[in-house]
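Throughout, protein chains are lettered first and strands after them, A, B, ... in sequence-line order, and every chain is numbered starting at 1. Nothing here was measured: the structure is a model prediction, and the numbers come from that model.
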2 protein chains.
Amino acid sequence: MKSAIESLNRKIRESGYRMTKQRAVVLEELSKTNDHPRADEIYQRVRRRLPNISFGTVYRNLKTLKELGLVRELNYGKKFSRFEVNIGKHHHFICLGCGRVYDLDIVPSRKLCEEAAQKTGFEVADCRVEFYGYCDAKEKRNLSDTEIDE
Amino acid sequence: MKSAIESLNRKIRESGYRMTKQRAVVLEELSKTNDHPRADEIYQRVRRRLPNISFGTVYRNLKTLKELGLVRELNYGKKFSRFEVNIGKHHHFICLGCGRVYDLDIVPSRKLCEEAAQKTGFEVADCRVEFYGYCDAKEKRNLSDTEIDE
DNA sequence: TTGACAAATGATAAATAATTTCTATATTCT
DNA sequence: AGAATATAGAAATTATTTATCATTTGTCAA
């Protein structure tokens, strides 16, 4: 696992960036969860370890990590973004009740993309499948989480 | 076609709303296109027929029509909403180059939803499939259209 | 048709709130 | 150590969306 961090460090440095405590912790916190936190949730978590980190730093690092392809930004509704470490193609289940986002390792059929390409005549680069429903989590997240459009 | 408008009128009145020129034109403009305009685009189009209509009225009516289930609001990215008349289940192709949204009459396999329900153990109410790629439209829409996240 | 009341409009101002920017100071890496 | 990059803290931004309110319009009953 050490080599993973090493190669990560190398990648960051090669891009002209530096590996700071703040950047590392943002990435670590995002790596150890699969609950697709918002920027403010990431800020709260990182703050437990780096009490003086500022919101701007979290945003800046999320942006940087996104540029490096290490982090993905997800938008469900237009109020805020959610973030996840980039772990390749997968899809999501979004709870209409509490706003939680879950990973699914379902692989969408190639057929579907081909069908879309045929029908449109356009080049289809990507296909996202999102399932909506209600999860069984007991505690609701805070209100702003529930503001899923439609 | 007259009966369709009649039944629409009835539906609106039964809900305690009134059918105004402004409301009718907003719905008409949205009905005669399938290009998923933003609120400001709808405003521009409606203004060609009702030069004195205000932005607030367009927003108010989009909201009302959404409540009545006649209009759907779509969010790709968090900057603005797009609107379409509610014509039942269908999916979308989103151009990563110009931001245009196209309708697709592809029906996602029931299997996929069942698979998602099985994997999550949750009730899956809806499934949205979005295809991303590049369309062949010559003229680009204005810049704000291109701000598709990711 | 008319009148009355509630709902909708126009014009403008205000809110919303996530994200970005600013700047002096601190940290990283060679 | 030195140059470049990053940070903290706070303020600014951005543009969509909502609220306000006096005036107008739609609906319905008489």
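As a whole-Å value, the separation of A:Asn9 CG from D:dA6 P is 13 Å. To the nearest angstrom, P of C:dA26 lies 17 Å from CG of A:Leu50. Rounding to whole angstrom units, CG of residue A:Leu27 and C1' of D:dA6 are separated by 16 Å. Rounded to whole Å, the distance from CD on B:Glu41 to P on D:dA15 is 15 Å. If you take NZ of A:Lys63 and P of C:dA18, they are 18 Å apart, rounded to a whole angstrom. For the pair B:Phe55 CZ and D:dA15 P, the computed distance is 13 Å after rounding to whole Å. A straight line from CG of A:Leu65 to C1' of D:dA6 spans 13 Å, rounded to a whole angstrom. What separates CD of B:Glu73 from C1' of D:dT17 is a distance of 10 Å, to the nearest Å.
If you check distances only, the side chain of B:Arg18 does reach the base of C:dA6 with a donor-acceptor pair under 3.5 Å. Judged by distance alone, with hydrogens and angles left aside, B:Arg13 brings no side-chain donor or acceptor close enough to the base of D:dG26 to form a pair under 3.5 Å.
Contact annotation: B:Ser54 side-chain N/O to C:dT12 OP1/OP2 distance is not under 4.0 Å. Close to C:dT19, at under 4.0 Å from its OP1 or OP2, lies a side-chain N or O of A:Tyr59. Phosphate proximity of C:dT9 to B:Thr20: present, with a side-chain N or O under 4.0 Å from OP1 or OP2.
Residue-to-nucleotide proximity on DNA chain D shows that, of A:Gln22 and A:Gly56, the 5′-proximal contact is made by A:Gln22. Across the interface with DNA chain C, nearest-nucleotide mapping of B:Asn61 and A:Arg60 shows B:Asn61 to be the residue nearer the 5′ end. Two residues, A:Lys21 and B:Asn52, neighbour DNA chain C, and the one matched to the more 5' nucleotide by heavy-atom proximity is B:Asn52.
Within a 6.0 Å sphere centred on CD of A:Gln118, other residues, nucleotides and ligands contribute 12 heavy atoms or fewer. Within 6.0 Å of CD on A:Gln44 lie more than 12 heavy atoms contributed by other residues, nucleotides or ligands.
Among the atoms of the strands shown, only primed sugar atoms or phosphate atoms (P, OP1, OP2) are found under 4.0 Å from some heavy atom of A:Tyr17. Note on B:Arg23: only backbone sugar-phosphate atoms sit closer than 4.0 angstrom, heavy atoms only; bases stay farther off.
Closest approach to the A:Met19 side chain among C:dC29, C:dT19, D:dA8 is made by C:dC29 (side chain taken as heavy atoms from C-beta onward).
A distance of 6.5 Å separates CD1 in B:Ile12 from CG in B:Leu27, rounded to the nearest 0.5 Å.
Tested against B:Phe122, the residues A:Phe93, A:Phe131, A:Tyr134 include a single ring pair (Phe, Tyr, Trp, His ring centres under 6.0 Å) partner, A:Phe93.
No side-chain donor-acceptor contact under 3.5 Å links B:Arg72 to the backbone of B:Asn86.
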